[in-house]
Enquirer: 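Supplied in structure tokens, the structure appears directly below.
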Amino acid sequence: MQRRMLTKEEEASAGAEDMEVRREDQEKINKFSSLHQKETNLEEELGAKMKEKEDLEEISTELELVDEDEKVPYKVGDCFVSLPQPQVLELLESSTQTIDDEVEALKSKLETVQEEMGELKKALYGRFGRSINLET
């Protein structure tokens, strides 16, 4: 995404318009701001979940190389329990599926937030033109 700053001429022409900010405009600006913050938080959470999923898949791959009769430490809460390798693989698979579901839910929320931000951008840029900068 490319950031764009106004030139001196654009600033002067934008200042000459001196448009009044109505209450509903301010509410839209505030809503956009809160949605932007929510978008940032969702993106961070999504990144963390994707990293966690990647780690679980890597662990599963490594565990496939372990002998099936061997006990593998598996973290439950704050402690480790020694379980057979096939059982640990099943637990990791269910954890991966849970994370997949959480990732899909986060992507859906993120898409909804971005659509709403797009609508607000259209309305605000339509009203204020170059006098407002909503680029994130």
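Computation of the quantities below employed the complete heavy-atom set of this structure, encompassing side-chain atoms and omitting hydrogens, waters and symmetry-equivalent molecules.
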Enquirer: Compare every heavy atom of S94 with every heavy atom of L91, then report the nearest pair and how far apart it is.
Expert: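 Minimum heavy-atom separation between L91 and S94: O-OG, 2.9 Å.
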Enquirer: Under a 4.0 Å N-O cut-off, is there an ion pair linking K122 with E119?
Expert: yes
Enquirer: Between CG of L106 and CD of E43, what distance do you get to the nearest 0.5 Å?
Expert: 11.0 Å
Enquirer: Is the shortest heavy-atom distance from the side chain of K107 to the side chain of L110 under 4.5 Å?
Expert: no
Enquirer: So for atom CD, which belongs to E27, do other residues, nucleotides or ligands contribute more than 12 heavy atoms lying within a distance under 6.0 Å?
Expert: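 More than 12 within 6.0 Å, yes.
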Enquirer: Can you tell me how far the CE atom of M50 sits from the CD atom of E102, to the nearest 0.5 Å?
Expert: 12.5 Å
Enquirer: Please report the interatomic distance OH(Y74) to SG(C79), rounded to the nearest 0.5 Å.
Expert: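 Rounded to the nearest 0.5 Å, the OH-SG separation comes out at 12.0 Å.
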Enquirer: Apply the test side chain to side chain contact (heavy atoms under 4.5 Å, CB included) to residues L35 and E39: give CA-CA distance (whole Å), side-chain angles for both, the deciding distance (0.1 Å), then the verdict.
Expert: CA-CA 6 Å; L35 286 172; E39 176 190 38; over 6 Å; no
Enquirer: For K28, is there an ion pair with D25 - N to carboxylate O distance below 4.0 angstrom?
Expert: no
Enquirer: Can you name the nearest heavy-atom pair linking I132 to L124, along with the distance?
Expert: CG2-O, 4.1 Å
Enquirer: Take a 6.0 Å sphere around CD of E58 and say whether it holds more than 12 heavy atoms from other residues, nucleotides or ligands.
Expert: no
Enquirer: Quick one: closest heavy-atom pair of F128 and E20, and the distance?
Expert: CE2-O, 4.2 Å
Enquirer: Looking at NZ of K38 and CG of L42, how far apart are the two atoms once the value is rounded to the nearest 0.5 Å?
Expert: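 Separation between the atoms: 6.5 Å.
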Enquirer: Atom CG of L120 and atom OG of S33: how far apart are they, to the nearest 0.5 Å?
Expert: 11.0 Å
Enquirer: Following the transitive rule for hydrophobic clusters with a side-chain heavy-atom cut-off under 4.5 Å over Ile, Leu, Val, Met, Phe, Trp and Tyr, establish whether F80 and L56 coincide in one cluster.
Expert: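 In one cluster with F80: L56, no.
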Enquirer: Has R22 got more than 12 heavy atoms of other residues, nucleotides or ligands less than 6.0 Å from its CZ?
Expert: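 Correct, the count exceeds 12.
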Enquirer: Taking all atoms of both residues into account, what is the closest heavy-atom pair of D67 and Q85, and its distance?
Expert: O-CB, 3.8 Å
Enquirer: Could you report the tightest heavy-atom contact between G77 and K75, atom names first, then the distance?
Expert: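 For G77 and K75, the tightest heavy-atom pair comes out as O-CE, 3.1 Å.
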Enquirer: Donor-acceptor pair, distance only, cut-off 3.5 Å: does the side chain of S108 make one with the backbone of E104?
Expert: no
Enquirer: Roughly how far, to the nearest 0.5 Å, is the CG atom of L89 from the CD1 atom of I59?
Expert: 11.0 Å
Enquirer: Determine whether L65 and L92 fall in the same hydrophobic cluster, where Ile, Leu, Val, Met, Phe, Trp and Tyr are linked whenever their side-chain heavy atoms lie under 4.5 Å apart.
Expert: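 No, because L65 and L92 fall into different hydrophobic clusters, even though each may have its own neighbours under 4.5 Å.
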Enquirer: Would you mind reporting whether P84 and E68 have side-chain heavy atoms less than 4.5 Å apart?
Expert: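 In short, these two side chains do not touch, never coming nearer than 4.5 Å.
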Enquirer: Answer yes or no: are there more than 12 heavy-atom neighbours, outside Q114 itself, under 6.0 Å from its atom CD?
Expert: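 Check passes, neighbour count above 12.
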Enquirer: List in chain and number order the residues that pass side chain to side chain contact (heavy atoms under 4.5 Å, CB included) with K53, two or more places apart in sequence or in another chain; answer none if no residue qualifies.
Expert: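 Expected list: E57, T96, I99, D100.
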Enquirer: Go through it in stages, so that I can follow the logic: the residues are V72 and L83, the test is side chain to side chain contact (heavy atoms under 4.5 Å, CB included), and I'd like the CA-CA distance, side-chain angles, deciding distance and then a yes or no.
Expert: CA-CA 5 Å; V72 178; L83 299 171; 6.0 Å; no
Enquirer: Pairing donors with acceptors under 3.5 angstrom, does anything connect the side chains of E45 and N41?
Expert: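 The criterion, which ignores hydrogens and geometry beyond distance, is not satisfied for N41 and E45.
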